Amino acid sequence: MNKILFFAQLRERLQCDEVTLDAAGLQVSELRQQLAQRNERWRKWILEKDVLVAVNQSLAPAEFYIGSGDEIAMFPPVTGG
Amino acid sequence: MNKILFFAQLRERLQCDEVTLDAAGLQVSELRQQLAQRNERWRKWILEKDVLVAVNQSLAPAEFYIGSGDEIAMFPPVTGG
Amino acid sequence: MIRVQEQDFDINQEYQALLNNDSSSGAVVLFVGRVRDLNQGHQVSQLFLEHYSQMTEKYLAQLEQQAMELWPLENVSIIHRVGELKLEDKIVLVAVSSTHRESAFEAAQYLIDLLKANAPFWKKELVDGGKNRWVNANHKDKIAAAQWS
Amino acid sequence: MIRVQEQDFDINQEYQALLNNDSSSGAVVLFVGRVRDLNQGHQVSQLFLEHYSQMTEKYLAQLEQQAMELWPLENVSIIHRVGELKLEDKIVLVAVSSTHRESAFEAAQYLIDLLKANAPFWKKELVDGGKNRWVNANHKDKIAAAQWS
């Protein structure tokens with residue numbers, strides 16, 4: 001199974017801190033597609049907006065394959081510093 | 001009359017902190033020529049070495065005309081910071 | 001040295017820690033980012049900094065490592081605050097020591113440029129006397145980071 | 001703010017003074033130059049800093065003015081020490097505050113590059129266990145200053 005964490009405005013818009021599901025074997029882009037099917041709100045915020053994805057705390061490209069147990073995080077462009 | 005101040009290794013080599021003479025109407029380069037005539041030591045350190053000249057506390061080029069009462073300073077390239 | 005913390009930091013203490021027993025650094029560059037009153041056209045009165053805690057320290061440690069490989073540095077410190085911040089509060093410190101100033105300046109700019117583009121922090125501002133607003137990522141910051149790659 | 005002085009300075013105090021009542025500076029860059037152990041191939045144990053006192057503050061004030069005209073800065077501080085300095089002592093502080101970091105970094109580099117090339121300070125080192133040696137002007141420093149003109 002995989003934990004998927006959401007941050008900042010993405011977390012607020014989805015009204016969700018995290019979900020747990022089995023994403024092993026999916027590419028990052030496929031996981032986004034799958035989450036987008038939940039409803040219109042998810043489609044808009046997960047798929048249409050600029051979303052960064054980290055796998056095991058490192059930024060991962062769309063074609064990256066998720067492994068069993070990997071920690072996934074999705075978030076908007078960062079604004080620290 | 002004009003005060004001419006010497007600094008750092010130039011002051012040490014000339015064994016002189018300052019001299020007073022009338023340099024009004026001379027160009028900076030002419031004043032150097034004149035001081036160089038004092039003796040071999042002065043010729044070497046005032047003329048042959050890299051010497052910067054300030055007139056009234058601002059760096060002045062070789063062709064700058066010295067005025068009556070101007071404060072002149074001569075020193076080696078600076079090494080602060 | 002990497003720290004992500006709620007409390008403020010003391011610049012003198014961080015300067016001392018950076019240079020502890022170091023006689024060979026002739027140059028130290030410190031960058032401090034602060035909460036300022038006007039941002040993206042809004043009057044800011046307060047800031048909340050969210051972060052992805054498992055990732056921030058990991059990313060900043062990698063960044064420090066990269067800078068040490070790219071320039072001949074003696075030492076690097078990065079401190080980033082999270083949580084509630086007031087106007088004029090310090091947000092971030094990037095401190096670099098090196099024998100010569102060129103590498104210290106370049107590395108400090110590299111570190112803050114990459115931090116702003118990639119480290120998982122998000123700013124939520126209290127603006128215009130009551131509204132909450134997530135800060136938009138700045139296109140200029142993406143360009144600044146891209147110039148290093 | 002310009003100061004030429006024998007005593008040490010406190011970085012926190014200078015940070016506070018630079019930013020007194022300033023809510024619009026989002027970026028502060030501080031450069032500190034220190035006495036380091038190895039210089040131009042010699043082992044340094046002490047430093048004496050001579051200056052042309054009537055000219056140093058005048059030149060540094062002009063330099064500060066120039067930087068304020070070239071970049072949108074909020075404030076600038078330059079402190080340079082003179083007299084006897086020990087290994088690891090701070091020699092110079094250049095501090096710049098600005099709304100954005102690009103101008104703060106550029107102006108700080110400009111100020112230290114021009115100071116090193118033009119401000120009438122001279123370093124005499126105590127080296128290799130007893131000899132006195134005037135530091136040679138550095139060709140690299142001339143190039144660094146020339147790039148701004």
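The structure displayed is predicted, hence computed values, not measured ones. Atoms considered below: every heavy atom in the structure, side chains included; atoms not considered: hydrogens, waters and symmetry mates. Here is the naming used below: chain letters follow the sequence lines, and residue numbers restart at 1 for every chain.
Using a 4.5 Å cut-off between heavy atoms, C:Thr99 contacts chain D through both its backbone and its side chain. Neither the backbone nor the side chain of C:Gln13 comes within contact range of chain D; no heavy atom of the residue lies under 4.5 Å from a heavy atom of that chain. Neither the backbone nor the side chain of D:Asn39 comes within less than 4.5 Å of any heavy atom of chain C. Both the backbone and the side chain of D:Leu19 come within contact range of chain C, each with at least one heavy atom under 4.5 Å from a heavy atom of that chain.
A donor-acceptor pair under 3.5 Å is formed between the side chain of D:Asn75 and the backbone N or O of D:Leu18. Of the possible donor and acceptor atoms, one in the side chain of D:Arg81 sits under 3.5 Å from a partner among the backbone N and O of D:Gln7. With hydrogens and angles ignored, the 3.5 Å screen pairs no side-chain donor or acceptor of D:Ser98 with any backbone N or O of D:Ala27. At least one donor-acceptor pair closer than 3.5 Å links the side chain of D:Lys90 to the backbone N or O of D:Phe9.
Interface remark: of the candidates C:Val29, C:Ile11, C:Asn12, C:Asp10, C:Asn12 forms the most heavy-atom pairs closer than 4.5 Å to chain D. Chain D forms the most heavy-atom pairs under 4.5 Å with one residue out of C:Leu38, C:Val96, C:Val35, C:Ile112, and that residue is C:Ile112.
Salt bridge annotation for C:Glu74-D:Arg36: absent, with no cationic side-chain nitrogen under 4.0 angstrom from a carboxylate oxygen.
Along residues 127-149 of chain D, the residues that come nearer than 4.5 angstrom to chain C, judged on non-hydrogen atoms, are D:Lys140, D:Asp141, D:Ala144 in order of number.
Expressed to the nearest 0.5 Å, how far CZ of C:Phe31 lies from CD of C:Gln109 amounts to 9.5 Å. In this structure, the separation between NZ on D:Lys58 and CD1 on D:Ile2 is 14.0 Å, given to the nearest 0.5 Å.
Taking the six-membered ring for Trp and thresholds of 30 and 60 degrees, C:His51 and C:Phe121 have nearly parallel ring planes, at less than 30 degrees apart.
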